[in-house]
Amino acid sequence: MKSVKIIECPRDAMQGIKTFIPTQRKIDYIQSLLRVGFDTLDFGSFVSPKAIPQMHDTAKVLSGLDLSKTTSKLLAIVANTQGAAMAAQHDEIRYLGYPFSISENFQMRNTHKTIAESLVTLQEILNIAAQNDKEVVAYLSMGFGNPYGDPWDVEIVGEWTEKLASMGVEILSLSDTIGSSTPEVITYLFSNLIPNYPNIEFGAHLHTTPDKWFEKTDAAFKAGCTRFDGAIQGFGGCPMAKDELTGNMPTEKLLSYFTQQKAPTNTSPMSFESAYNEATKLFGEFH
């Protein structure tokens with residue numbers, strides 16, 4: 001059985017919290033996650049402090065982490081070339097994550113750019129990454145539909161995948177920003193895209209209500225996806241697309257699912273339990 005990559009997203013879990021979480025508390029929590037064995041941690045972002053105030057200390061958090069005993073790689077979200085250049089200066093960061101929306105409305109809300117402008121930015125970020133020995137993870141946000149009435153269907157997703165592949169994107173995470181995906185659409189997209197683009201590693205960044213996590217995970221995995229984003233206890237979600245019931249995919253659900261499927265995730269159950277308890281304390285205090 002092919003192993004599954006779990007990308008834990010503390011940045012996604014924390015970014016919408018209004019009360020500022022002290023830098024040292026972030027460091028301690030992320031340090032607990034580094035012991036688990038996740039493939040990657042989406043740990044912070046280099047974006048405007050006005051847009052996401054919670055993340056303005058990402059560079060300080062990074063400088064406080066001990067990476068000597070972890071196999072996990074670090075990913076930082078960037079929204080423009082300035083952020084990408086800042087993130088690329090840090091040797092510890094492996095991946096630059098860029099949210100590319102196929103919804104014009106959401107792209108404007110999220111990065112204040114049109115889709116056409118966002119394509120230019122993505123190309124510049126790919127160039128910055130190449131010059132600094134980084135990799136880019138492109139998130140196809142609103143990849144399963146949008147609430148704005150913007151055009152969406154599986155053919156549009158396919159066309160954008162073709163475009164991003166031609167630009168050199170090698171990791172593409174289909175993002176269910178508002179929890180709108182259905183098992184049928186998940187199955188269709190992954191089962192068609194994965195064989196057609198063997199040079200792209202496809203991921204699933206699925207937001208979900210508590211009763212839908214299993215059917216979404218099951219559909220993506222059985223359609224060939226082996227890269228899944230999650231956040232412990234489902235904390236967070238997108239502050240730009242708020243729905244109280246829709247949160248991140250709970251990591252503990254992913255891990256239990258892949259244990260049942262006998263698909264290795266290379267994570268330590270004891271270290272995960274410890275990190276889970278840290279999450280309960282942290283988000284109980286600051287949520």
Side-chain angles (χ1 to χ4, degrees), residues 3-16 29-30 33-34 36-45 52 55 72-78 93-101 110 135-144 157 169-181 185-186 189-190 193-194 200-210 212-221 223-241 246-258 261 263 265-267 272 275-276 279 283:
S3 65
V4 172
K5 293 181 180 179
I6 304 291
I7 288 73
E8 176 64 22
C9 303
R11 183 268 320 161
D12 208 346
M14 291 189 271
Q15 68 178 5
Y29 179 52
I30 293 169
L33 297 173
L34 286 167
V36 176
F38 296 115
D39 181 84
T40 302
L41 288 189
D42 172 356
F43 83 103
S45 60
I52 312 283
M55 292 290 111
S72 299
K73 299 174 281 291
L74 296 182
L75 180 151
I77 294 292
V78 299
I93 294 174
R94 178 81 206 121
Y95 299 110
L96 308 181
Y98 181 67
F100 177 81
S101 183
N110 208 21
E135 293 180 65
V136 173
V137 178
Y139 294 87
L140 205 68
S141 77
M142 296 289 172
F144 296 91
V157 176
V169 169
E170 294 181 347
I171 305 174
L172 184 61
S173 196
L174 302 187
S175 298
D176 182 11
T177 319
I178 53 169
S180 61
S181 65
V185 171
I186 291 170
L189 286 174
F190 283 116
L193 294 175
I194 290 170
I200 292 183
E201 178 184 343
F202 285 93
H205 183 98
L206 301 174
H207 291 185
T208 185
T209 49
K212 297 280 175 56
W213 74 267
F214 179 87
E215 61 187 46
K216 294 185 181 202
T217 304
D218 192 54
F221 181 62
C225 182
T226 55
R227 177 189 177 95
F228 288 81
D229 289 13
I232 291 175
Q233 298 183 43
F235 288 124
C238 183
M240 308 292 177
T246 302
N248 279 300
M249 178 64 70
T251 308
E252 63 276 12
K253 303 291 192 188
L254 289 174
L255 293 176
S256 71
Y257 174 84
F258 291 119
Q261 296 292 326
T265 59
N266 305 314
T267 53
F272 179 76
Y276 184 96
F283 293 104

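D176 is linked by a side-chain hydrogen bond (donor to acceptor under 3.5 Å, both in side chains) to S181, K216, counting only residues two or more places apart in sequence or in another chain. Shown here are the side chain to side chain contact (heavy atoms under 4.5 Å, CB included) partners of E170, two or more places apart in sequence or in another chain: there are none. The side-chain hydrogen bond (donor to acceptor under 3.5 Å, both in side chains) search around T265 returns T267, not counting sequence neighbours. Under the rule for a side chain to side chain contact (heavy atoms under 4.5 Å, CB included), the partners of T40 that lie at least two apart in sequence or sit in another chain are I7, K73, L75, Y95. Take F214 and apply the side chain to side chain contact (heavy atoms under 4.5 Å, CB included) test, not counting sequence neighbours, and it matches D218, Y257. In this structure, D229 has no salt bridge (charged side-chain N to carboxylate O under 4.0 Å, His left out) partners at least two apart in sequence or on a different chain. Legend: residues meeting side chain to side chain contact (heavy atoms under 4.5 Å, CB included) with S3, ordered by chain and number and at least two apart, are P264, N266. Residues satisfying the salt bridge (charged side-chain N to carboxylate O under 4.0 Å, His left out) criterion with K212, sequence neighbours excluded, are absent altogether. For Q233, the side-chain hydrogen bond (donor to acceptor under 3.5 Å, both in side chains) partners are T280, not counting sequence neighbours. Partners of K253 according to the salt bridge (charged side-chain N to carboxylate O under 4.0 Å, His left out) rule, which considers only residues two or more places apart in sequence or in another chain, do not exist here. Here E135 pairs with R94 under the salt bridge (charged side-chain N to carboxylate O under 4.0 Å, His left out) rule; sequence neighbours left out. Residues satisfying the side-chain hydrogen bond (donor to acceptor under 3.5 Å, both in side chains) test with S175, not counting sequence neighbours, are none.
Rounding to the nearest 0.5 Å places OH of Y98 at 15.5 Å from OG of S173.
At distances below 3.5 Å, at least one donor-acceptor pair connects side-chain atoms of T251 with backbone N or O atoms of I232.
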side-chain contact (heavy atoms from CB on, under 4.5 Å) assessment of F43 paired with L34: CA-CA 10 Å; F43 83 103; L34 286 167; over 6 Å; no
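By the 30° and 60° cut-offs, the orientation of the rings of F221 relative to F228 is tilted.
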